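Working notes, beginning with the structure itself.
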Amino acid sequence: MTKMFPGSGLSEDQWQHVRSLAATLSPEQVTWISGYFSGLGDAFRLGTNAAATNLAPPVAAAAPVALATRTLNVLYASETGNSAALAKALADAARTQGIDARATNMADYKVRGLKDEQDLIVVTATHGEGDPPQAGVAFFEFLESRKAPKLPNLRFAVLALGDSTYEKYCEAGKRIDRRLEELGAQRIADRVDCDVDYEEPAAAWHADMLSRLAPSQAAAAPATAAVVSGAVPVAVSAFDKKNPFPARVIDNIVLTGRGSSKETRHIELSLEGSGLSYQPGDALGVVPRNDSAVVAALIEQLKLDPNASVTVKQQTLSLQDALNRAFEITAATPRFIEHWASVTGAAELKRLASPEEGAARTAFLNTHHVLDIVTRFPAPGIEPASLLAGLRPLQPRLYSIASSLAAAPDEVHLTVSTVRYDLHDVPRAGVASGYLASLTDEDATLPVYIQPSAHFHLPANDVPIIMIGAGTGVAPYRAFMQQREAEGASGRSWLFFGERNFRSDFLYQVEWQGLLKSGVLSRMDIAFSRDGADKVYVQDRLRAQGRDIYAWLEEGAHLYVCGDAARMAPDVHGALANIVETHGGLSDGAAKDYLASLQRDRRYLLDVY
């Protein structure tokens, strides 16, 4: 007798096929599949008895059937584009079911319209330790304020994207979920939290939402109702996150000078033949590999066979290959602690896995990589599959692009600080930055894709810009200046740059001096924190030039901040608020409102990490 998967009508084998397929699909493909199976289901209901093998894929567009339904707004706040893609795919699929649906960026949302919404689905990432993405800050502030209206007539659902290496995992989504409930809104479904390997749970959530939102009249609609343009795959670039381009490494040099306490590299990659293009301000996604020495040490510590076969997303790989390129094996996560506690039975790990031990767990994870944990808490006789079950997929990393195609056709440049440190008396390196630093061979290649920025782009050529960056945060401004020089822009440009030491850490010094001489760069202020007895940072230079900065802002300048999100960006924001308050003659609250209005108008933009 065939074993059935409960509640689905599917055999266990069929269910496994569905799960395996879902794990490989993009949001756009989920939309297409939804339309395909919806049409197939309608065909059976109408008595045509069309078999799946005989039902042709959707090839022609038919107009969506107008059905009596509630309106749906899929509201998103995205850091890297994942939330935006998921939200747009859901809205597109909902329209194929005759639902009046749209997807809206939180940055563009008119908060006063919230009280008039009927169905609201929120898809949001979390930035750092529980903060919303920059695009969602104003919406979060409104929703969590006393200005937010009661919402008894609103139905809602939340999809939260996050990174479980952070203690406040998916906290932005949790905040919205709690607040909408407090305001009296009714749930369409419980919140779903997704880690960095979000594709499979997001695909299941997508299907569930479509099922719950489907108008009751949909069952009576003709089979063609499901076959609309939004459900048909469209031609897209051949190379993307799922299919990165193997870019040839043209150059890989150390920018920092002798005696520097840091290693910052300038890396040039060829995009020739890729068809990829980008704007200054966009990011490059790079697909790293783990350090082979760390892979070998992990295998040796667990006494595993490096050639043992394992299955990863329907691929059969050797364990060594899987650990090298498919899984995160450096930074441990709360999920790994919980998993390893179950594998080893270690009392200390069980204690750290409990919800009330958040601070202790964070401290432990900051000082223990995966290799440290498996060394300290051994698991004799463990099977490869058991190790892999606790690991997350190895994720691409995003780097601000440091070049313009106008200046370097078919190339993309990066400015990368190599992370190196000792932990437990063992030298360590950042997974991506260490890998990038190693790509010095003549035939080295790196899998890459373009991650467009929603807003961190240049304004019109005659608009003045103020660029603030520390360390590698200067990267996008090199691209900005290359673009403005190529276009003969008339707008003034002012750069604030900070690093540790003038002599060894003045990144792209000769280029900046040339741009100042030619007039492409109007002004430059520098801060080197370790050159004198008193530490001087970019925010100090900002305050010193406060009168002129305020004048530029009043004349319409756009303001850019790129660099460290934990310290530099908040310090710069505080300095800017002080400048506006002092030189604008405003109160503290009015100064904050001034900066908030610049952010709403997209004249104050951040690219922080």
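Nothing here was measured: the structure is a model prediction, and the numbers come from that model. Positions are given from 1 along the sequence. Reckoned from all heavy atoms, side chains included, excluding hydrogens, waters and symmetry mates.
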- Item | Test side-chain contact (heavy atoms from CB on, under 4.5 Å) applied to Asp100 and Leu72, step by step | CA-CA 6 Å; Asp100 180 6; Leu72 169 66; over 6 Å; no
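- Side chains of Met467 and Met481 form a contact here, defined as non-hydrogen atoms less than 4.5 Å apart.
- Once rounded to the nearest 0.5 Å, the distance linking OG of Ser277 with CG of Asp282 reads 8.5 Å.
- Atom-to-atom distance recorded for Ile549:CD1 and Trp494:CH2 is 5.0 Å, nearest 0.5 angstrom.
- Side chains of Asn82 and Tyr198: a donor-acceptor N/O pair is present below 3.5 angstrom, by distance only.
- Using a 4.0 Å cut-off between charged nitrogen and carboxylate oxygen, Glu182 and Arg179 count as a salt-bridge pair.
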- Between Tyr166 and Glu171, is a side-chain contact (heavy atoms from CB on, under 4.5 Å) present by the stated rule, with each step listed? CA-CA 10 Å; Tyr166 291 93; Glu171 183 62 23; over 6 Å; no
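- Only one option out of Asp116, Asp119, Thr104 pairs with Asn73 in a side chain to side chain donor-acceptor pair (under 3.5 Å); it is Thr104.
- Between Phe139 and Tyr109, the ring-plane angle classifies as perpendicular under the 30° and 60° cut-offs.
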- Between Gln599 and Leu606, does a side-chain contact (heavy atoms from CB on, under 4.5 Å) hold up when you go through it step by step? CA-CA 9 Å; Gln599 290 178 316; Leu606 285 82; 4.1 Å; yes
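- Remark: Asp588 engages Lys592 in a salt bridge, criterion side-chain N to carboxylate O under 4.0 Å.
- Note on residues 135-147: pairs passing salt bridge (Lys or Arg N to Asp or Glu O under 4.0 Å), not counting sequence neighbours, are Glu144-Arg175.
- Listed for the Arg478 side chain is a donor-acceptor partner under 3.5 Å among the backbone atoms of Ala402.
- Within the 4.5 Å cutoff, the side chain of Ile468 has no heavy atoms near those of the Gln539 side chain.
- Using a 4.0 Å cut-off between charged nitrogen and carboxylate oxygen, Asp177 and Lys174 do not count as a salt-bridge pair.
- Between Arg397 and Leu394 the shortest side-chain heavy-atom distance falls below 4.5 Å.
- In this structure, CD1 on Ile450 lies 11.5 Å from CG on Asp240, to the nearest 0.5 angstrom.
- Contact annotation: the side chain of Thr333 never approaches that of Tyr169 to less than 4.5 Å [non-hydrogen atoms, C-beta and beyond].
- Salt bridge Arg567/Asp571: absent, no basic N to carboxylate O contact under 4.0 Å.
- At distances below 3.5 Å, not a single donor-acceptor pair connects side-chain atoms of Asp197 with backbone N or O atoms of Arg392.
- Between the side chain of Gln279 and the backbone N or O of Pro452, no donor-acceptor pair lies under 3.5 Å.
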- Item | Trace of the side-chain contact (heavy atoms from CB on, under 4.5 Å) decision for Tyr537 with Met568 | CA-CA 9 Å; Tyr537 299 99; Met568 190 276 278; over 6 Å; no
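- A heavy-atom distance below 4.5 Å is not found between the side chains of Val192 and Met209.
- For the atom pair CD1 (Ile401) and OG1 (Thr415), the distance works out to 11.0 Å, reported to the nearest 0.5 Å.
- Arg191 contributes no side-chain N or O that, together with a main-chain N or O of Val158, makes up a donor-acceptor pair within less than 3.5 Å.
- Here CD of Glu357 is found 11.0 Å from CD1 of Ile337. Values are rounded to the nearest 0.5 Å.
- Side-chain N or O atoms of Thr362 include one that pairs as donor or acceptor with a backbone N or O of Gly358 at under 3.5 Å.
- Expressed to the nearest 0.5 Å, how far CZ of Phe456 lies from CG of Asp607 amounts to 5.0 Å.
- Screening Arg187, Lys150, Arg155 against Glu181 for a salt bridge (Lys or Arg N to Asp or Glu O under 4.0 Å) leaves a single residue, Arg187.
- Residues Arg543 and Thr582 fail the side-chain proximity criterion, which asks for heavy atoms closer than 4.5 Å.
- When atom types are taken as modelled, the side chain of Tyr477 and the backbone of Phe496 share no donor-acceptor pair closer than 3.5 angstrom.
- With hydrogens and angles ignored, the 3.5 Å screen pairs a side-chain donor or acceptor of Arg603 with a backbone N or O of Ala557.
- The main-chain N or O of Thr71 is found under 3.5 Å from a side-chain atom of Gln118 such that the two form a donor-acceptor pair.
- Ring-plane geometry between Phe480 and Tyr560 is classed as perpendicular, the angle between the planes exceeding 60 degrees on a 0 to 90 degree scale with a lower cut at 30.
- Looking only at side-chain heavy atoms (C-beta outward), Glu117 and Phe156 stay at 4.5 Å or farther from each other.
- The side-chain heavy atoms of Tyr449 and Lys242, taken from C-beta on, include no pair separated by under 4.5 Å.
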